[in-house]
J.: 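Before anything else, here's the structure in question.
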Amino acid sequence: MIPAMRRQGENRNKTMPFADYSVDLATMLHSESAPEELYQAGLVYATGLNVEIDLIAAHKWFNLAALRGSEEAKAQRAEMAEMMSSDELKQALQAAREWLKLMN
């Protein structure tokens with residue numbers, strides 16, 4: 001289950017160093033991003049932390065983190081997949097493939 005995340009000013013989550021301000025995750029993450037960074041991006045989109053909840057984006061980032069060895073991301077990716085339509089899942093997988101192509 002996705003951990004409960006709090007909004008700004010409510011007992012800040014220490015695992016999210018960028019949780020207190022708006023960020024463009026696409027510019028923060030790069031080909032050398034650690035699995036934990038990719039996992040955190042998935043959490044941002046899964047919980048709507050300073051962004052709109054986006055299951056496709058969440059699955060994409062969890063998938064990328066899982067590909068780099070994050071066991072937590074594998075579990076979250078599976079949870080996201082259960083909540084998504086087959087079309088949404090296809091979009092998420094395509095988005096992950098496109099990101100990988102851009103980073104290589």
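Fair warning: this is a prediction, and the values are worked out from it, not measured in the lab. Quick note: numbers below take in every heavy atom, side chains included, and nothing from hydrogens, waters or symmetry partners.
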J.: Heavy-atom distance under 4.5 Å between the side chains of Lys60 and Leu64, does that happen here?
T.: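 Touching, per the 4.5 Å side-chain cut-off.
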J.: What distance do Gln76 atom CD and Glu72 atom CD have between them, rounded to the nearest 0.5 Å?
T.: 8.0 Å
J.: What is the minimum heavy-atom distance between Ala66 and Ala73, and which atoms define it?
T.: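 Nearest pair, atom of Ala66 first, then Ala73: N-CB, 3.6 Å.
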J.: By side-chain hydrogen bond (donor to acceptor under 3.5 Å, both in side chains), which residues pair with Arg97, not counting sequence neighbours?
T.: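 For Arg97, the residues satisfying side-chain hydrogen bond (donor to acceptor under 3.5 Å, both in side chains) (neighbours in sequence not counted) are Gln94.
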J.: Donor-acceptor pair, distance only, cut-off 3.5 Å: does the side chain of Asn63 make one with the backbone of His59?
T.: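 A pair under 3.5 Å: no.
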J.: Taking the side chain as every heavy atom from C-beta outward, state whether Glu37 and Gln40 have any pair of such atoms under 4.5 Å apart.
T.: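 The answer is no, as the side chains (C-beta and beyond) never meet within the 4.5 Å cut-off.
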J.: Partners of Ser86 by side-chain contact (heavy atoms from CB on, under 4.5 Å), sequence neighbours excluded?
T.: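 For Ser86 there are no side-chain contact (heavy atoms from CB on, under 4.5 Å) partners, ignoring immediate neighbours.
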J.: Quick one: pull up CD in Glu82 and CG in Leu55 and give me the separation to the nearest 0.5 Å.
T.: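 Between atom CD of Glu82 and atom CG of Leu55 there are 12.0 Å.
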J.: So, for Tyr45 and Ala58, which heavy atoms are closest and what is the spacing to 0.1 Å?
T.: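 That would be CB-N, 3.7 Å.
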J.: Which distance, rounded to the nearest 0.5 Å, do you find between the CD1 of Ile56 and the CD of Glu88?
T.: 5.0 Å
J.: Of all heavy-atom pairs between Arg68 and Ser31, which one has the smallest distance, and what is that distance?
T.: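 Closest approach of Arg68 to Ser31, heavy atoms only: NH2-O, 2.9 Å.
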J.: Answer whether the closest heavy-atom distance between the side chains of Tyr39 and Phe62 falls below 4.5 Å.
T.: yes
J.: Tell me whether Arg77 contacts the main-chain N or O of Ala65 through its side chain, where contact means a donor paired with an acceptor under 3.5 Å.
T.: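 No.
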J.: Mind listing the closest non-hydrogen atom pair of Ser33 and Leu38 along with its distance?
T.: CB-CD2, 4.0 Å
J.: Does the pair Glu98/Lys101 count as a salt bridge with the N-to-O cut at 4.0 Å?
T.: no
J.: Give the C-alpha distance, both sets of side-chain angles, the deciding distance and a yes or no for side chain to side chain contact (heavy atoms under 4.5 Å, CB included) between Val51 and Val44.
T.: CA-CA 7 Å; Val51 298; Val44 166; 3.7 Å; yes
J.: Mind checking whether Leu67 and Leu100 have side chains closer than 4.5 Å, heavy atoms only?
T.: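 Leu67 reaches Leu100 side chain to side chain.
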